[in-house]
Amino acid sequence: MSLVLTPNIPDPDGFYDELLAAHEGLDKAQSDALNARLILLLANHLGDRDTLRAALDAARRAAT
């Protein structure tokens, strides 16, 4: 499985609204913990170590 870097989420604005709503009422620590759990759940769902490594690399490159 290769990493998809092009838009691939139906209704991305709707998903973004849902993501923001999931964080409503949380403090910074709770919000960070929610993000960590979400990342781990999605990583587990993907399951492909090469794809996960590519995602880590892409995210790291975007951060610098």
Side-chain angles (χ1 to χ4, degrees):
M1 176 184 296
S2 63
L3 186 63
V4 177
L5 295 175
T6 57
N8 193 37
I9 301 171
D11 186 23
D13 291 334
F15 173 73
Y16 186 69
D17 289 342
E18 292 171 345
L19 181 60
L20 291 179
H23 287 266
E24 283 182 20
L26 301 179
D27 64 26
K28 172 87 167 99
Q30 292 169 322
S31 183
D32 289 347
L34 185 150
N35 283 334
R37 286 190 303 274
L38 179 59
I39 290 165
L40 292 172
L41 285 166
L42 293 172
N44 184 66
H45 178 75
L46 244 94
D48 183 79
R49 192 65 181 270
D50 290 336
T51 302
L52 293 170
R53 191 174 297 110
L56 286 170
D57 291 343
R60 177 65 185 194
R61 282 192 310 273
T64 57

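The structure displayed is predicted, hence computed values, not measured ones.
Pairs engaging residues 2-19 under the salt bridge (Lys or Arg N to Asp or Glu O under 4.0 Å) rule: none recorded [sequence neighbours left out].
Among residues two or more places apart in sequence or in another chain, the side chain to side chain contact (heavy atoms under 4.5 Å, CB included) test is passed with Leu46 by Met1, Thr51, Leu52. Remark: Arg61 pairs with Asp57, Ala58 by the side chain to side chain contact (heavy atoms under 4.5 Å, CB included) rule, at least two apart or across chains.
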Solution key, residues 29-37 side-chain donor-acceptor pairs under 3.5 Å, sequence neighbours excluded:
residue : atom : partner : partner atom : Å
Gln30   : OE1  : Asp27   : N            : 2.9
Ser31   : OG   : His23   : ND1          : 2.5
Asp32   : OD1  : Lys28   : NZ           : 3.0
Asp32   : OD2  : Lys28   : NZ           : 3.0
Asn35   : OD1  : His23   : NE2          : 3.1

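Counting Ile, Leu, Val, Met, Phe, Trp and Tyr side chains that sit under 4.5 Å apart, directly or through other members, Ile39 stands alone, with no cluster partners. Taking a 4.5 Å side-chain heavy-atom cut-off between Ile, Leu, Val, Met, Phe, Trp and Tyr, the cluster of Leu41 contains only that residue.
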